[in-house]
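So the structure is just underneath, and the comments pick up after that.
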Amino acid sequence: MSDRMLTMAEAVREAMSIAFDERPEVFLLGEDVGIYGGAFGVSGDMYHRYGSERVLDTPIAELGIVGAAVGAALSGMRPIVEIQFSDFTAQAMDQIANQAAKIHFMLGGALHVPMVLRTPQGSGTGAAAQHSQNLEPWFASVPGLKVVVPSNPADAKGLLLASIDDPNPVIFLEHKLLYKIPGRDPVPEGAERIPLGVAKVVREGKDLTIVATGIMVNKSYEVCEKLAAEGISVTLIDPRTISPLDMQPVYESVEKTGRLMVVQEGPAHAGFINEVIAQMAGSSSFGSLIAPIKRLAGMNIPIPYAPQLEKAAVPQIEDIEAAAREIVKNWR
Amino acid sequence: MSANPLLMGHPLASTENARHALLYMCRIRKFEEAVEDLFGRGMMHGTMHLSIGQEASPTGMCMALTVQDQITSTHRGHGHCIAKGADLTRMIAELLGKEIGYCGGRGGSMHIADVDTGNLGANGVVGGGIPIAAGAALASKMMKKGTVAVSFFGDGAMNEGAFHEAANLAAIWDLPMILFCENNKYGMSSSTEKAFAIDNLADRAKGYGIPGVNVNGNDVVEVYEAAQIAVDRARKGEGPTLIVAETYRWKGHSRSDKNLYRTKEEIEEWRLLDPIPKFIARAIKQKKLTQEQCDAIQQEATDAIVASVNEAVKAKAADPAGLLDAVFKKVSA
Ligand SMILES: Cc1ncc(C[n+]2csc(CCOP(=O)(O)OP(=O)(O)O)c2C)c(N)n1
Ligand SMILES: [Mg+2]
């Protein structure tokens, strides 16, 4: 086991580099991914290492970029397309939702689209409403897209490698606040894949089950540690891929804890995390619950600019802590 | 209403006009310098897109507009906002997340709008404002308002579908619109050489059957003259014009830019083409302003910014309490 502590940006770059070395048909395209190294520094030095033939700087034209990736993917290449902010997938949505997602099914399996669309999402940078959204429900609601939401560098590396291998379009949503911070766990050296559709039990406890996505896994982890010191033990589950979604560990955990809390950064209304609640409600494990399911999510508002407003708009560690305490205390 | 009625006319038509042109260019410059300073001191969060070096373009364009004429702006929008007559204190207050800010602290630098001066807003989305300006022009035409709508955008935005779709709509409907491209040679790190297969961006106008003109975007007089022709054409119902103003941004794209895609020499060359001293020399030569007057105008701009910063800093921080009620306009009973 290595002890390399990488940031998420470094881990993603490493995964892309491994894929570049393994297969000549893998390439990266996007705005400013070349000499600039990507708006968040993710492609970094790849332009210098692989050249402009495989690291393609594009004009500002998201629909064209994603469409070109779709066309290249169904013609033998394996594109990784970076959209500078997930908010601008809106420009490319026809190619994502109407084309990439449906081609394999619609065409009776004649063609498939091995493409990965990587994009940073999330709030916390003061970039306001058009640069801070969590759009995973947009993608998760389109059959034909796989959707990955990594919460740490080691997972990001293994999941991205599996996404590039996958013969289907994968939307890979990276929280921008995670780019620069090292994860809790070291990032393994090799090229090991983490299969899509397998949730991770981050830690195990007996009093409460928390299912959280993306950056909320990290925030929830801090809460788990704090509560553990007080004798409240929590199971924390990170679905990692939200389409397909692996609910088995959630059922198993809830059968032990009897309490479930779900946490996401994006707005509560019609958010992805509601899918976890819906599947739980329809499962035979539902009867194990001794408390109402607690949902903690962003406010139903666009992300505001001012720091004090932005903070209020999404769950903070204190909010998760208070909610966790309450559910354990009130339901015995 | 703004203290500035705009529609000043030619920057060299009178001492008053020359004073306006210089004052507004200096206001933009000093504003941007203040933003950089506030950022550096950790008083402002988020990011910033400065328009230092580009001041002549919005100033020249807006001197051909009335207060009622509308604009849409960009992520690099402070200059457009100021040139159209916005209040400096409310702008700074917005950047500082204050209640009295233009957006009540909810929008920040990339979303300042000032309805009183016809500014429909900056935009976080490249190209996002261009179809909106076409729509504003459509409303003007349908409602016979007699106003024009100007969309400011960068060279990079010209490769978005939004530009093409809006230009075509404006052209086929003869909309009173001006497509004003500030060609500062880069969209983030992408040079126009890399992002376009044509040399002259104004050539794109031909594809839509509308006039396309190039101007020296660092010359407020040249910008104004082209703008006036385009505005006249739009007001007469003859349709849109594409103006491409050649200019340059001195500063990085945003706070995280390391300028790896251009040379120091190139930046230095363009710094010598500073629009402000260029206009001062011309105004003095044509006896519209004296050196003393120019010095005083520059000082006046500095003083205005300092006063605005001081006032904005003291203002009340925006309160999260009202956020949920802020999403929708109340449905009237
Ligand atoms: C649709 C969209 N794509 C990408 C971005 C990220 N981005 C912000 S500004 C910018 C460069 C814009 O270049 P240009 O239009 O020339 O304006 P300039 O910054 O030079 O003023 C980019 C790529 C964005 N905000 N919106
Ligand atoms: Mg530009």
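Everything numeric in this text was worked out from a predicted model, so none of it was measured. Proteins come first, then strands; the chains are lettered A, B, ... in the order of their sequence lines, and each starts at number 1.
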message: Using every non-hydrogen atom in the two residues, find where A:A128 and B:G107 come nearest and quote the distance to one decimal.
response: CB-O, 3.4 Å
query: Side chain, backbone, both or neither: which part of B:D319 has a non-hydrogen atom closer than 4.5 Å to chain A?
result: backbone
message: Below 4.5 Å, heavy-atom pairs only: which of B:A157, B:A195, B:S189 has the largest tally toward chain A?
response: B:S189
message: Rounded at 0.5 Å granularity, tell me how far NZ in B:K194 sits from CG in A:D57.
response: 4.0 Å
field: Test log, rule side-chain contact (heavy atoms from CB on, under 4.5 Å), inputs A:N300 and B:V327
entry: CA-CA 8 Å; A:N300 293 319; B:V327 180; over 6 Å; no
field: Toward chain A, the part of B:K98 with a non-hydrogen atom under 4.5 Å
entry: neither
field: Under 4.5 Å from any heavy atom of chain B - which part of A:A39
entry: both
query: Has B:E311 got more than 12 heavy atoms of other residues, nucleotides or ligands less than 6.0 Å from its CD?
result: no
field: Option in A:E31, A:Q84, A:K311 with maximal non-hydrogen atom pairs under 4.5 Å from chain B
entry: A:Q84
message: Are the side chains of A:I60 and B:S190 in contact, using a 4.5 Å heavy-atom criterion?
response: no
task: Answer with side chain, backbone, both or neither: which region of B:M188 has an atom nearer than 4.5 Å to a non-hydrogen atom of chain A?
output: both
- request: Against chain A, work out which of B:L96, B:T47, B:L260, B:D257 has the most heavy-atom pairs shorter than 4.5 Å and name it.
  value: B:D257
- request: Give a yes or no on this: more than 12 heavy atoms of other residues, nucleotides or ligands lie within 6.0 Å of atom NE2 of A:H269.
  value: no
task: Would you confirm whether the ring centroid of A:Y36 sits within less than 6.0 angstrom of the ring centroid of B:H253?
output: no
Portion of A:D32 that has a non-hydrogen atom of chain B nearer than 4.5 angstrom: both
task: Compare every heavy atom of B:P320 with every heavy atom of A:Q308, then report the nearest pair and how far apart it is.
output: O-CG, 3.9 Å
query: Where do B:V125 and A:D87 land on the side-chain contact (heavy atoms from CB on, under 4.5 Å) test, with the steps shown first?
result: CA-CA 9 Å; B:V125 177; A:D87 312 72; over 6 Å; no
statement: If one checks every heavy atom of B:H111 against chain A at 4.5 Å, the contacting part turns out to be side chain
message: Which atoms of B:A326 are under 4.5 Å from chain A, going by heavy atoms: the side chain, the backbone, both sets, or neither?
response: neither
message: Given heavy-atom pairs under 4.5 angstrom as the criterion, report whether the side chain, backbone, both or neither of A:I35 touches chain B.
response: both
query: Is the shortest heavy-atom distance from the side chain of B:M110 to the side chain of A:Y305 under 4.5 Å?
result: no
message: Looking at every non-hydrogen atom in both residues, tell me the closest pair between A:P59 and B:N159 and how far apart they are.
response: CB-ND2, 3.7 Å
- request: Kindly determine whether A:Q130 and B:N123 satisfy side-chain contact (heavy atoms from CB on, under 4.5 Å), including the steps that lead there.
  value: CA-CA 8 Å; A:Q130 294 174 335; B:N123 212 305; 3.3 Å; yes
task: Sort out for me which of B:N259, B:L323, B:V126 touches chain A most, counting heavy-atom pairs under 4.5 Å.
output: B:L323
